[in-house]
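Working notes for the structure below.
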Amino acid sequence: MTGASEAGSGEAGSGETGSGDAGPGGVGPRRYQDVHSVTVGAPPEEVWRAVLDQVEVLGRPAWYVHLIGCRDRRPAGPRPLTAGAVVPGFRVRAAEPPGRLVLDGVHRFSVYTLTFRLVPDGAATRVEAHTDATFPGVLGAIYRLLVIDSGFHRIATRSIVTRVRRRVPVA
């Protein structure tokens, strides 16, 4: 992975790795990993609530979740989020307040994990969004081209962590 900070944002860059055996026609489940982060001027307990609020809206628009065939399409399970709960596009694998939230997802073109880590940093908290995804087969490779290689995923993930920062009340 590579890292490059943006002035004032505390944001890390993105990177990718290729792994996995090639499938038919030489197209295999290429792996993609990246990390985006922001620093929020609040303790982890306050930032945790903002992360949970933001995660609840990840599956919007609903038509997209249905179009790509996400395994988990409707909200389900306890709130606040705990292991086994569902938000559209994701199932909560682990919720360890106020430090780590792990979301897993599956759809027609990808298998993926989005992990939020909240790292205390003095009086502030660094929010990290870690993506780990594979894109099996020819359709996965096309989807990766459209979503990852186009830069759309990078923009969307930056937007998520930025919205987390905006959700935290200013003291």
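Since this is a predicted model, take the numbers as computed values, not measurements.
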With rounding to the nearest 0.5 angstrom, report the CZ to CG distance, R91 to D72.
4.0 Å
Ignoring hydrogens, what is the shortest heavy-atom contact between A95 and T82? Give both atom names and the distance.
CB-CA, 3.9 Å
Determine yes or no for a side-chain-to-main-chain donor-acceptor pair under 3.5 angstrom, with R79 supplying the side chain and A76 the backbone.
yes
R126 versus D121, closest heavy-atom pair with distance
N-CB, 4.5 Å
Treat each ILVMFWY residue as a node, draw an edge where side-chain heavy atoms are under 4.5 Å apart, and state whether L145 and I68 are in one component.
no
When you group the ILVMFWY residues by side-chain heavy-atom contacts below 4.5 Å and let the links chain together, are V86 and I160 in the same group?
no
In this structure, OG of S110 is separated from CZ of R144 (nearest 0.5 Å) by 9.5 Å
Scanning both residues in full, the closest heavy-atom pair of V65 with G59 reads CG2-O, 3.4 Å
Stepwise side-chain contact (heavy atoms from CB on, under 4.5 Å) test for F116 and Q54
CA-CA 11 Å; F116 291 93; Q54 184 56 46; over 6 Å; no
Under 6.0 Å from the OH atom of Y64, do we count more than 12 heavy atoms belonging to anything else shown?
yes
Using only heavy-atom distances, determine whether the side chains of T162 and R166 contain a donor-acceptor pair under 3.5 Å.
no
Donor + acceptor pair across side chains of D132, T113 (<3.5 Å):
no
Hey, does L52 have a side-chain heavy atom less than 4.5 Å from the side chain of L101?
yes
I want to know whether Y112 and F90 have ring centres closer than 6.0 Å.
yes
Are side-chain heavy atoms of V147 and F109 found at a separation under 4.5 Å?
no
With a 3.5 Å distance limit and no angle check, can you tell me whether S159 reaches the backbone of I155 through a side-chain donor-acceptor pair?
no
Taken to the nearest 0.5 Å, the spacing of I148 CD1 from R30 CZ works out to 11.0 Å
Could you measure the distance from the CG atom of L118 to the CD atom of E128? Nearest 0.5 Å is fine.
9.0 Å
Do side-chain atoms of R154 reach the backbone of H36 as a donor and acceptor pair under 3.5 angstrom?
no
Pair Y32-T131, side-chain contact (heavy atoms from CB on, under 4.5 Å): steps then yes or no
CA-CA 8 Å; Y32 175 83; T131 301; 4.3 Å; yes
Could you walk me through whether V55 and L58 satisfy the side-chain contact (heavy atoms from CB on, under 4.5 Å) test, starting with their C-alpha distance in whole Å, then the side-chain angles of each, then the deciding distance to 0.1 Å, before giving a yes or no?
CA-CA 5 Å; V55 165; L58 286 179; 4.2 Å; yes
First locate atom CG of L103, then atom CZ of R93, and finally report the distance between them rounded to the nearest 0.5 Å.
9.5 Å
Specify the closest pair of heavy atoms between T39 and A124, including all atoms of both residues, with the distance to one decimal.
CG2-CB, 3.8 Å
CG of L81 to CD of E56: how many Å apart, nearest 0.5 Å?
4.5 Å
Determine the minimum heavy-atom distance between P120 and P44, stating which atoms define it.
CG-CG, 3.9 Å
Could you please spell out the steps behind the side-chain contact (heavy atoms from CB on, under 4.5 Å) verdict for L139 and R108?
CA-CA 8 Å; L139 293 177; R108 287 185 188 105; over 6 Å; no
Return the minimal non-hydrogen interatomic distance between A42 and V168, and the atom names on each side.
CB-CG1, 3.5 Å
